[in-house]
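Throughout, a chain's letter reflects where its sequence line sits, starting with A, and its residues are numbered from 1.
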2 protein chains.
Amino acid sequence: MSDVAALAGVSHQTVSRVLNEHPSVREDTRRRVLDAIATLGYRRNVAARALATARSATIGVVTTGSGLFGPASTLIAVEEAAREQGWYVSVATIRQYDGVTMHRVLDHFMDQAVEGIVVIAPQADVAEAVHEFRAPVPVVLIAAGETEAATIPLAVDQRLGARLATEYLLDLGHESVLHVSGPGDWLDAVEREAGWRSVHEERGITPPDPVGADWTADRGYQVGLGLADQIRTGEGPTAVFAANDHLALGMLRAFWERGVSVPRDVSVVGFDDVAGSGHFVPPLTTVRQPFDELGRRSVALLLEAVAGAQVGAELIAPMLVERASAGPPP
Amino acid sequence: MSDVAALAGVSHQTVSRVLNEHPSVREDTRRRVLDAIATLGYRRNVAARALATARSATIGVVTTGSGLFGPASTLIAVEEAAREQGWYVSVATIRQYDGVTMHRVLDHFMDQAVEGIVVIAPQADVAEAVHEFRAPVPVVLIAAGETEAATIPLAVDQRLGARLATEYLLDLGHESVLHVSGPGDWLDAVEREAGWRSVHEERGITPPDPVGADWTADRGYQVGLGLADQIRTGEGPTAVFAANDHLALGMLRAFWERGVSVPRDVSVVGFDDVAGSGHFVPPLTTVRQPFDELGRRSVALLLEAVAGAQVGAELIAPMLVERASAGPPP
DNA sequence: TGAGATGATGTGAGCGCACACATTCGACCA
DNA sequence: TGGTCGAATGTGTGCGCTCACATCATCTCA
């Protein structure tokens, strides 16, 4: 920096002013400094800047270690939004969501002196672990479910998404909808089930017991094989709401293998709108989550909080994507 | 740090020694310092450390901004491997792969003083842009295709993967294999086509002209519709090697809609083994890329290079995953 | 015409750490 | 018992920047 100052014939402080866009610098000296910077190929040292200002201009993002579409898309949106505002983004991934690992990852971020954290945290214990950690910086917790202090909750409205799917099926004329639910320790799964249930209750319908599952196409296939037999004997459901698209995919395959026609014999609706779901056999009606917006909003909220503002919980609305896998009952 | 030193009754330098695991510190003073650190909740300031050592302990990863399975999985593996070794990982994503954007992103990393960069760069111009940038730190370029100096190339052997798929189909008895290729500016696509072509040439077969496509299921569907008509009139291919699983998915749907049976009327092989491809209709035979290993190797190579070692190009072998979508010709 | 206000610039200090060097301590052997 | 050597510890300095403050030039209006 002093080299630049020397070349431009000013003091180091004036260089600093130019760099920080301080208003009171005359246009021609500004130009001179900028030229000197260019000819010297000078680049401000972040470490020194961070040391002097006690600010790192970095946010941390913890995300799932599974390459899933949703978390990955959210991460990308977060990064873009952050970089646009001049922030650096550090990531940490978690394969196994337990309190210890979560703690370690948050520690990793605190070591790095991040100024805020976004946690893409789909499981209940993760949310808890985050709360327990009591981070000294703002934390945006992307997680469905009930709010807690100490973090800023933000989520796609899973319950609404499930309601959209369920209402759509009931409005098509189905008497009730079977739910193939996600794992019970995932907040999204719990919320989706709650949304599905609430629609039935509002309409005075007793829904069939949900079938418990994980998030995999394998499990969907298994469940689908079982249902196919019931459907062929006429005692199965006429409409199924799967907790995610992968489950739905496995079920579609099972139905296809067993000669159960979708949507003629049974309607299927998924959740997520994963890449390619528009070309499943048949194309899958599903609920699309606006991950981009989720990422952008999380950065906006976080940066507001970092700047000292009080920010509250937010919910983002998903939307139903109508395709061919759902129709009126047989 | 001086607080810790005072509490432990030692000098700040001794604290520094404990932190850096210097050997000549007596066990009991080490203990005392550690206790003091714990009671004070002291955390070393990375900025000051970076300033003093001129090292940031950070690597940058630039990846695609599309939430695709491959890049996302690679990123995760990179991050895990790096964190394990005590490195921080900063990310930057690119939606649009042009030279300018690439330049901007690499600048972003240089501003941040990263010590090494991993570029997950599937397109030819990206690789070029990276070379042109002439980064002052080691760069691992995850990209198929020819090697260049200035970066450390690393890739999954796309050509081998394509050969695996093509040989598998020819060995099943097909006279030739039609290739539905990816976009020509993607290195992976070029390599896959080259692998497919080389097998035909070795066996003295003239392959049919490849059908150009992008990476999407939509395009696969279009292509599939066209092929279905040919196949039903007996003049279509008996085996198709799609450049990726999404293309294959779209084709499978088109075949299904047009009553073309897979694999009875036509065999289909994909590339990637995306989540759920085992439950496509029918389950898709495809080529699996070891993204985890790719990520781990890239970090290993990068850290070696950062440490000053000379490291060379590497190729990682993919594997064929046999499922139901390919069989003998009709 | 001069005092005050404002804008443009310079000066010095300190952020918290690691490095090079100086010093102290203790053990061991002649 | 003194000398030597190495282990253990302390002292001072500088990394490159921003901040608070001081200074100087310029303009405005009474």
Side-chain angles (χ1 to χ4, degrees), chain A residues 1-37 40-58 86-88 109-115 136-137 306-307, chain B residues 1-37 40-58 86-88 109-115 136-137 306-307:
Chain A
M1 182 145 133
S2 56
D3 294 350
V4 173
L7 181 58
V10 297
S11 75
H12 64 106
Q13 175 59 350
T14 299
V15 176
S16 173
R17 285 201 184 89
V18 171
L19 254 21
N20 293 304
E21 293 172 359
H22 189 96
S24 32
V25 174
R26 239 186 318 158
E27 185 50 32
D28 64 322
T29 72
R30 208 179 78 86
R31 177 110 278 126
R32 270 210 322 280
V33 170
L34 255 25
D35 284 351
I37 287 175
L40 261 44
Y42 167 78
R43 218 179 267 277
R44 171 161 60 184
N45 180 316
V46 261
R49 183 182 162 84
L51 183 58
T53 58
R55 304 210 26 210
S56 63
T58 302
W87 289 74
Y88 301 107
F109 280 152
M110 294 331 302
D111 280 342
Q112 209 185 349
V114 301
E115 294 185 53
V137 298
V306 167
Chain B
M1 182 145 134
S2 56
D3 293 351
V4 172
L7 181 57
V10 296
S11 75
H12 66 104
Q13 176 59 352
T14 300
V15 176
S16 174
R17 285 201 184 89
V18 171
L19 253 21
N20 292 305
E21 292 172 0
H22 189 96
S24 33
V25 174
R26 240 186 317 158
E27 184 51 33
D28 64 322
T29 71
R30 209 179 76 86
R31 178 107 279 125
R32 269 209 324 280
V33 170
L34 255 25
D35 285 352
I37 288 175
L40 260 45
Y42 167 77
R43 221 179 266 276
R44 171 161 59 184
N45 180 315
V46 263
R49 183 183 164 82
L51 182 58
T53 58
R55 305 209 26 211
S56 64
T58 302
W87 289 74
Y88 301 107
F109 279 152
M110 294 331 301
D111 279 341
Q112 209 185 352
V114 300
E115 294 185 52
V137 298
V306 168

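In this view, A/Ser24 and A/His22 satisfy the side chain to side chain donor-acceptor pair (under 3.5 Å) rule, not counting sequence neighbours. Scored by the ring-ring contact (aromatic ring centres under 6.0 Å, His included) test, B/Phe109 finds no partners at all (sequence neighbours excluded). Residues forming a salt bridge (charged side-chain N to carboxylate O under 4.0 Å, His left out) with B/Arg43 (at least two apart in sequence, or on another chain): A/Asp107, A/Asp111.
Within the nucleic acid shown, B/Met1 comes within 4.0 Å of sugar-phosphate atoms alone, with no base atom in reach, counting heavy atoms only.
Between A/Tyr42 atom OH and A/Leu19 atom CG the span is 5.5 Å, to the nearest 0.5 Å. Distance CD/B/Gln13 to CZ/B/Arg17: 4.0 Å, rounded to 0.5 Å. Atom-to-atom distance recorded for B/Thr29:OG1 and B/Asp35:CG is 11.0 Å, nearest 0.5 angstrom. Rounded to the nearest 0.5 angstrom, B/Leu40 CG and B/Met1 CE are separated by 13.0 Å.
Residue A/Asp3 contributes atom CG, which lies 11 Å from atom C1' of D/dG16 at whole-angstrom precision. Here D/dG16 presents its C1' atom at 11 Å from CZ of A/Arg44, a figure rounded to the nearest Å. Computed from coordinates, the B/Asn45 CG to C/dG14 P distance equals 18 Å when rounded to whole Å. Rounded to an integer number of Å, the gap from A/Arg55 CZ to D/dC19 C1' is 14 Å. One atom, CZ of A/Arg49, and another, P of D/dT18, lie 5 Å apart when rounded to the nearest Å.
Of all the heavy atoms in B/Ile37 and B/Val4, the pair that sits closest is CG1-CG1, 3.7 Å.
An end-to-end axis angle of 40° holds for the helix from C/dT1-D/dA30 to C/dA30-D/dT1, taken from five base pairs per end and rounded to 10°.
Side-chain contact between A/Arg32 and A/Val18 is absent, with no heavy atoms from C-beta onward closer than 4.5 Å. In this structure, the side chains of A/Ser56 and A/Gln112 stay at 4.5 Å or more apart for every pair of heavy atoms. Between A/Tyr88 and B/Thr58, every side-chain heavy-atom pair lies at or beyond the 4.5 Å cut-off.
Of the residues in residues 11-22 of chain B, those placing a heavy atom less than 4.0 Å from an atom of DNA chain D are B/Ser11, B/His12, B/Gln13, B/Thr14, B/Arg17, in numerical order.
Across the interface with DNA chain D, nearest-nucleotide mapping of B/Arg30 and A/Tyr42 shows B/Arg30 to be the residue nearer the 5′ end. Both B/Asp28 and B/Thr53 sit near DNA chain D, but only B/Asp28 has its closest nucleotide nearer the 5' end.
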Collect all protein-nucleotide pairs involving nucleotides 5-8 of chain C in which both atoms are nitrogen or oxygen and the distance is under 3.5 Å.
none

